[in-house]
Amino acid sequence: MFEFLRWIHVKHDSAPGSLVYAGAKREFVPHVTLCTYNEQNTTEKRLDPGEAITLADGHVNFIRVVGIHDSETIKAIGATMDFPNLALEDVMNTGQRPKFVWADDETGFIVMRNVDAREGSLASEQVSLFWRDNLVVVFMETESEFLDGVLARIRKGRGRIRNGGSTYLLSAILDSLVDRNMVTLARFSELAETIETKLDRKTTDVLLGQLYELKREVILLRNLLIPIREIFKGLMREDAEIPDSVLPYLRDTAGHHEQAVDGVTALHDILKSMIDYQVSLIGMHTNRVMQFLTIIATIFIPLTFIAGVYGMNFEFMPELKWRYGYFIVLGIMGVTAIAMLYYFLRKRFL
Amino acid sequence: MFEFLRWIHVKHDSAPGSLVYAGAKREFVPHVTLCTYNEQNTTEKRLDPGEAITLADGHVNFIRVVGIHDSETIKAIGATMDFPNLALEDVMNTGQRPKFVWADDETGFIVMRNVDAREGSLASEQVSLFWRDNLVVVFMETESEFLDGVLARIRKGRGRIRNGGSTYLLSAILDSLVDRNMVTLARFSELAETIETKLDRKTTDVLLGQLYELKREVILLRNLLIPIREIFKGLMREDAEIPDSVLPYLRDTAGHHEQAVDGVTALHDILKSMIDYQVSLIGMHTNRVMQFLTIIATIFIPLTFIAGVYGMNFEFMPELKWRYGYFIVLGIMGVTAIAMLYYFLRKRFL
Amino acid sequence: MFEFLRWIHVKHDSAPGSLVYAGAKREFVPHVTLCTYNEQNTTEKRLDPGEAITLADGHVNFIRVVGIHDSETIKAIGATMDFPNLALEDVMNTGQRPKFVWADDETGFIVMRNVDAREGSLASEQVSLFWRDNLVVVFMETESEFLDGVLARIRKGRGRIRNGGSTYLLSAILDSLVDRNMVTLARFSELAETIETKLDRKTTDVLLGQLYELKREVILLRNLLIPIREIFKGLMREDAEIPDSVLPYLRDTAGHHEQAVDGVTALHDILKSMIDYQVSLIGMHTNRVMQFLTIIATIFIPLTFIAGVYGMNFEFMPELKWRYGYFIVLGIMGVTAIAMLYYFLRKRFL
Amino acid sequence: MFEFLRWIHVKHDSAPGSLVYAGAKREFVPHVTLCTYNEQNTTEKRLDPGEAITLADGHVNFIRVVGIHDSETIKAIGATMDFPNLALEDVMNTGQRPKFVWADDETGFIVMRNVDAREGSLASEQVSLFWRDNLVVVFMETESEFLDGVLARIRKGRGRIRNGGSTYLLSAILDSLVDRNMVTLARFSELAETIETKLDRKTTDVLLGQLYELKREVILLRNLLIPIREIFKGLMREDAEIPDSVLPYLRDTAGHHEQAVDGVTALHDILKSMIDYQVSLIGMHTNRVMQFLTIIATIFIPLTFIAGVYGMNFEFMPELKWRYGYFIVLGIMGVTAIAMLYYFLRKRFL
Amino acid sequence: MFEFLRWIHVKHDSAPGSLVYAGAKREFVPHVTLCTYNEQNTTEKRLDPGEAITLADGHVNFIRVVGIHDSETIKAIGATMDFPNLALEDVMNTGQRPKFVWADDETGFIVMRNVDAREGSLASEQVSLFWRDNLVVVFMETESEFLDGVLARIRKGRGRIRNGGSTYLLSAILDSLVDRNMVTLARFSELAETIETKLDRKTTDVLLGQLYELKREVILLRNLLIPIREIFKGLMREDAEIPDSVLPYLRDTAGHHEQAVDGVTALHDILKSMIDYQVSLIGMHTNRVMQFLTIIATIFIPLTFIAGVYGMNFEFMPELKWRYGYFIVLGIMGVTAIAMLYYFLRKRFL
């Protein structure tokens, strides 16, 4: 049920800093892509397996590692870049809480999640980021399109990305991850709306089940979004040394994240309210049905009793001999029924 | 369902700072109005499409832009005033979270919402504000009357508005937006009262549905009001440099906003309480009806059984031959019915 | 429903600082009383309408204004005392949030509410206070006895009031207002107890309705008490310059207010718990009744079936010819009934 | 219901600092005990009524006042010790919120509550403490054993109490009061366990009522424990000048208090959960019973109908003439009953 | 029910700092193990009862004490190491709140809990830790495997443990305790999943009871995890003087703890949601059954009434003489039944 609890089964007994993969089983061979760019030009290259990484001076070096299940690859990259083992361990242990720490004096390390709402349930993969002057390294579990927009802007030189340095690239990547959260939230919000429309027509327990499942996913999304706040708080503290030219973009992204947190909270409250409403609607429907049926029964039971009385076989029952006895009894039955109906209507039983 | 989630579908792939409109479709041509005033005089002018804006020295220049769906207009104004693109992007992306940031060293930028309770459901449009020394620019989605009061005071020179400078104008605009929130809250509060009056007469599920809808709108309003607190906090910090003569007005407005937040929270709690009460009232009514009906049935079922016994066709049933058998049985039935009624009354079943 | 939302209907379009009354309609002529005192002597005087106020040197001047619905009176007093218009506007706009601000460099301004629990529902009037060296001005909506205790102490020279200066008088007035909150809370608490006693005997929906109404009033009282905390916090900050001789009294009053806030929160929780308990008690009673009735019906239905079988008119039904058929069937019916009763008892159905 | 609301009925009209008793009526004569001790020796003496208190130099003077309902006694002690009237007023007004203030520059004043869980409901008495160098004065409503442990340690010279000075004594007294809270919490916890054991056997509304009452007491206890936190915070601030040798003991006590607050919160949550569970258990039991009974009725109703058909007196009913008509009908009835049972079982109705 | 309330029954009357065991009864003889290591070598030795402890210079001395129920052992170790009595008392009083204090100027003291989820319910033992330069002493209630991983790393010299000093060892021990919390949380999470799978098939009150019990355990776990936050906060404050080389490991562990707190909160919310869903599912199932049964009864009751009418024994009932009277009545019955079924279907009663 809870992806964020998976990694602990592996970690046992291993020292902090040992590189053991602790995520879902993956079969593909990890690959590394190096993209270097500055204001003038941009190159992109997919490295061969085992090929060493050569950083370009005077450029921002943007390295994407797709696939974190092979400790050799991670170890090699970590050694080249001189990343500390403790951080590399976090890279391989999917299921980390989103966080921002300094890997060393000049290298920042961020763990985020790439969120998805496949088929209405929350899925997420871990994205780890290292950055220092002129270098950004992104590790992701599988090939994912969340960086496509950023890459397109690098290629076409749109916006400020080409001359913003590594912190601008960092802020752009965080922005696209926050966007994914927003899209997921929007997806859940649409699901809630779809269910609401159906509820207008007929409330069933299937729909109620869907509401409860959606609420669970929204709780999990909220649980995932809240620690991300601390990442932005940390980045905007003075000691993070984000340049003034990049700060507004980061602040913008942090604002969107706050909006997502607000939204997920409101959606949770609304779902709770919807569920309460549906449960009481279902209850009221049942009550109305039962009440209607009981009224029918209640009207016929005394009539049946009267019929029963004149079905008794006593030898001496004077009414049975009367010429119009039968019709009189029928009349009494009719009057009784009408009187009861009138009484129930006046008492608002119907 | 959630207006604040609409803009994200557009933003994908575009770099931060690109001017793309992300709100409801609008057909009209945006127009710009320039109002300049100082203590002595005031001029007002609606600019022709494409006309350049000329600011008046020694006056407060108050520019209203109605319609933000045309990126050319926004771009032109932004260029004239030298507003940064990142802020202009926020202007065009309706659905922003209310916020206050410094667009540049001397220009403040605020995003607020102009709230409305049309037909009982919450509607809102984005209002963006830039201000610097002697300049206030307001962007709004459609023509809205929320500035009428402010304009009237400028024209007639009522109050301090003519000699309060741009920060006083800013505070007056925020005040009128906060007033809209109060009016909306009052509208919801009246709706709650109206429903409550009807509930006194008869609780139906239609009314219950209205209560739940109202509660949802109140959750959304609360979600919208809470981030506005941070705008006032930011404006009242020392680095916002609001002059001492204007601060009391701003503090007054912030106080009203706090009142709105208090009010929306209390209304939410009261609606929750009302719903709980109605649900239990409906339940108790049904229970009382069912209980009454069941008692009727319970009284007649044993009587019907007795009638059934004497309707049996056994050849040897001594009672059937008795002279007063029929009347004795009728008497037994009557006594049974009265005994049961008495028992039910004593046991408080009725 | 919410008194605190009333004022907004008036304020529209008027500039901040315009004096417009925005409370319940009042017919009487406002009157002003001036009480001056020092350690040696005390004078009291009710001013004629329009009479100018002459402050006494070397005395504390305690001015009470009863009735705030006449803007001329307020304007005149404001002009004499040199109070800023923004504060005077708040005086006339009943429905303000309790608050403490500095009207000018040496004049403090406090808005509080004089709370009452008339007939079990929360009523409140606005009380506004200005104070500076040797001067305290109190504005109230109607003649109210909440100052009687303070005045009696001034007249009789009891306690420290005569030589405590204006801040001591301020603290005494706040103390008497906080006392009113405590009395109101005590009243609600007694109401809760009264209802609880009745519930022990018989729970009805009338009593449940009273519980819900009480809970609503308690929510409103809590909403009113919470912002008052900030008044005390503000007064006890160093820049409020309350003399050391008065501070302990103010701290004492603030402590009582905290007690009221604690109390209203606990009362709210207890009422919630009481309502839950009552709803489940009512439900359990209904269930027990229905269960009892259903058991009666269930016992008789099979018996009636047996009687029905032997009421059939088939020509060839051997039992009907038996000498003791009737008695055997009666016996079978009795055994069936006893067996069912025994089964129901063993299964804890009864 | 709420002890903490009792005092307000007295205070009206009296100036702050007037000594009026505001607690439950007490008949006994208050008495004062003086215990002096230092590292070498210890003396204990119960003062005669009216006897003056003589403090011993070079000793810690520990004065216990049992009974606070006689203003003369309190006034006399206050005058001897030079305690301010405002604090003495708090001593006599039982029902104070727990608090810590400086009575004067060198005298600390603490109000706490001595808590008890007599017969399962929360009872508490006010304990007031003054302390300064070498002096601790404790006021309590009635003779209570909560100081016995402290006194025993003074007498026997166990632990550090003899050479810890007045602040160590203070910390020991607070420790024994916090222990009382823990014992009360343990008592409520045991009650919850006892009820839970009974619930395993059979849930009745009597037990449910006990659960609700317990929850109410736990709410009141929580309300009482939370303000005590501020006392410890205040004592551990630097300006309280608790010596370094005593601080660890105070911190230990504060830790125990935190544990009590944690515990009362958890107990509240668990009681809420237990109540929810019991309410749903009762509901499910009723539902099962009703379902069972309704199934019996539902099986017999069609059979009774069939019997009714063949009880009709039409002249021409061919089946009645058949040789095996009766047995065929009995067979049909049996088959119908079995088919219905089978259907109900398959549909999980039973 | 609440382990954390057990110790208070012992403490009464004893001075703070007295060594009295206050945990579950244990029979075994406590034993002490000394492990010394530095970068070059490592020795391990189980001490004989009563054997004195000799610390090795230039090594980290890691002492494990298994069994805290013998005050002599604790006293002896405390005397050798010069630990203050107040801390030793906490060691013996199991049921302490997790905390971190300075035992003396250079010795830190931490109380944690070793958590376990045996058979689905929360069990925990107290683990106390002293550390100073080159010394770590761990006290535990029983032999437990939580240190096995740490010891293995010391023996094999894996990771940084051999040259990290005593603070690194401390952080490794805390890490393994936090891991236990994670494993416990994972266990509860799995239990929740298992129950959820079963619920898909059939909801019974047994499963509901399991859900409630699980929720209670989760409340207790949350109550236990939250105070641990303060331990990490305290250790990461500057005055704790954790060396820079160890800080990242501690921060890592603190991050995992935050994850556990997040997880326990989310699990609590999800369990609440699951319970609500199950209760409403059970309610809906019952309602559907009752509705179905009532419909059957409602259809047959009017039919039985018709049969009753023609079972009456009036002499003059013309229909009885009709040739096809019987078949006409059967036809009327059929039509009535079909009409009712059609009506119920159209009204969505079925």
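Chain identifiers are assigned alphabetically (A, B, ...) following the order of the sequence lines, protein sequences preceding nucleic acid strands; residue numbering begins at 1 within each chain.
Looking at E319(B), the atoms closer than 4.5 Å to chain C (heavy atoms on both sides) all sit in the side chain, from C-beta outward. If you measure heavy-atom distances from Y310(B) to chain C, the contacts under 4.5 Å come from the side chain alone. Heavy atoms closer than 4.5 Å to chain B are found in both the backbone and the side chain of K321(C). With a 4.5 Å cut-off on non-hydrogen atoms, L330(C) touches chain B through its side chain but not through its backbone. For N85(C), no part lies under 4.5 angstrom from a heavy atom of chain B. In this structure, the portions of S273(B) lying under 4.5 Å from any heavy atom of chain C include both its backbone and its side chain. Proximity to chain B (any heavy atom under 4.5 Å) is shown, for F305(C), by neither the backbone nor the side chain. M312(C) touches chain B through its backbone: at least one of N, CA, C or O sits under 4.5 Å from a heavy atom, while the side chain does not. Only the side chain of V329(C) comes within less than 4.5 Å of a heavy atom in chain B; its backbone stays farther off. Contacts of P227(C) with chain B are made by side-chain atoms alone, with heavy-atom separations under 4.5 Å and no backbone atom involved. Both the backbone and the side chain of L293(C) come within less than 4.5 Å of a heavy atom in chain B.
For chain C, the option among I306(B), T294(B), T304(B) with the highest count of heavy-atom pairs below 4.5 Å is T294(B).
When side chains are defined from C-beta on, I110(C) counts as touching L235(C), because their heavy atoms get closer than 4.5 Å.
By the ring pair (Phe, Tyr, Trp, His ring centres under 6.0 Å) test, F100(C) pairs with W102(C), W131(C), sequence neighbours left out. Partners of F188(B) under the ring pair (Phe, Tyr, Trp, His ring centres under 6.0 Å) rule, at least two apart in sequence or in another chain, do not exist in this structure.
Ion pairing between a basic and an acidic side chain is recognised when a charged N comes within 4.0 Å of a carboxylate O; R251(B) and E258(B) show no such pairing.
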(request) Given salt bridge (Lys or Arg N to Asp or Glu O under 4.0 Å), test R216(C) with E196(B) step by step and report yes or no. (result) CA-CA 13 Å; R216(C) 195 184 61 190; E196(B) 201 180 36; 2.6 Å; yes

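Between the R222(B) side chain and the V261(B) main chain, no donor and acceptor come within less than 3.5 Å of each other.
Classification of the Y326(C)-F314(B) ring pair by plane angle, with boundaries at 30° and 60°, yields tilted. The aromatic rings of F83(C) and F130(C) lie parallel to each other, with less than 30° between the two planes, well short of the 60° mark.
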